[in-house]
Amino acid sequence: DAGVTQSPTHLIKTRGQHVTLRCSPISGHKSVSWYQQVLGQGPQFIFQYYEKEERGRGNFPDRFSARQFPNYSSELNVNALLLGDSALYLCASSRGQGSYGYTFGSGTRLTVV
Amino acid sequence: EDQVTQSPEALRLQEGESSSLNCSYTVSGLRGLFWYRQDPGKGPEFLFTLYSAGEEKEKERLKATLTKKESFLHITAPKPEDSATYLCAAYNNAGNMLTFGGGTRLMVKP
């Protein structure tokens, strides 16, 4: 079975631009979570989506938004990019909300210049 | 607010030199404590989940233990291929997020 798939793998954007990151969960998994990992730190929770609804949000500004589609894939959008948004963005899927089994993708490395 | 703290931040071992990594947590209603391994530029790879104090789990040279305030990842006779960042994360009653520690970067020299 395919694991969690994220695209693109690497991305370079300019300050002020907008970016969209994509995630396809493991087949049968209905929950997708997004995490931001700044170099040298642990991942920080951004969002959780389950059955196309937002079920949790971390301490991130409104420039960050996400959605989940009927096929359970998900997009993370970031507007008005700042240099500090440079990070590895990780997607994790699980069977359902409250499910313990999180599987992470390899991430999207975003560099803002 | 849930908090997870890992120590040391970095650890250098000689091949075969056993050691332990620490994960201290303050979580309202812990439902699970996770250990992950992360290689550079990759996503975290699941190692263990511990659910209650006193629980232990083993996998090859790794053994994870849990108390009411801490978890330890013991590495016995490590090899260079064990070099990675080890992350612990807590899962609370709200059930919608993992709270991660900052990680321990382990380097094992041959």
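Predicted, not measured: the structure shown is a model, and the values here were computed from it. Each chain gets a letter, A, B and so on, in the order the sequences are listed, and its residues count up from 1.
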request  = Against chain B, label A/Gln6 side chain, backbone, both or neither, depending on which of its atoms sit under 4.5 Å from a heavy atom there.
outcome  = neither
Portion of B/Gln38 that has a non-hydrogen atom of chain A nearer than 4.5 angstrom = side chain
task = Examine A/Leu90 and B/Leu47 and state if one hydrophobic cluster contains both, with Ile, Leu, Val, Met, Phe, Trp and Tyr joined whenever side-chain heavy atoms are less than 4.5 Å apart.
result = no
query = Pick from B/Gly43, B/Gly101, B/Ala89, B/Gly103: which one has the most heavy-atom pairs with chain A under 4.5 Å?
reply = B/Gly43
task = Heavy-atom distances under 4.5 Å only: say whether B/Leu87 touches chain A with side chain, backbone, both or neither.
result = side chain
task = Please report the shortest heavy-atom distance between B/Leu98 and A/Phe45, naming the atom on each side.
result = O-CB, 4.3 Å
request  = Take atom NZ of B/Lys69 as the centre, draw a 6.0 Å sphere, and report whether it contains more than 12 heavy atoms from other residues, nucleotides or ligands.
outcome  = no
request  = Taking atom CG of A/Leu82 as the centre, report whether more than 12 heavy atoms of other residues, nucleotides or ligands fall under 6.0 Å from it.
outcome  = yes
A/Tyr35 versus chain B, the contacting section by heavy-atom distance below 4.5 Å = side chain
Verdict with supporting geometry, B/Tyr36 and A/Tyr102, ring pair (Phe, Tyr, Trp, His ring centres under 6.0 Å) = CA-CA 11 Å; B/Tyr36 289 90; A/Tyr102 285 86; 8.2 Å; no
ask   = Would you say A/Phe104 and A/Leu39 are hydrophobically clustered, going by side-chain heavy atoms of ILVMFWY under 4.5 Å?
value = no
query = Is there a path of hydrophobic side-chain contacts, each under 4.5 Å between heavy atoms of I, L, V, M, F, W or Y residues, that connects B/Phe100 with B/Leu30?
reply = no
message = So, taking the atom named CE in B/Met97 and the one named CZ in A/Arg57, what distance separates them when rounded to the nearest 0.5 Å?
response = 13.0 Å
inquiry  = Would you say CD of B/Glu1 has more than 12 non-hydrogen atoms from neighbouring residues, nucleotides or ligands within 6.0 angstrom?
reply    = no
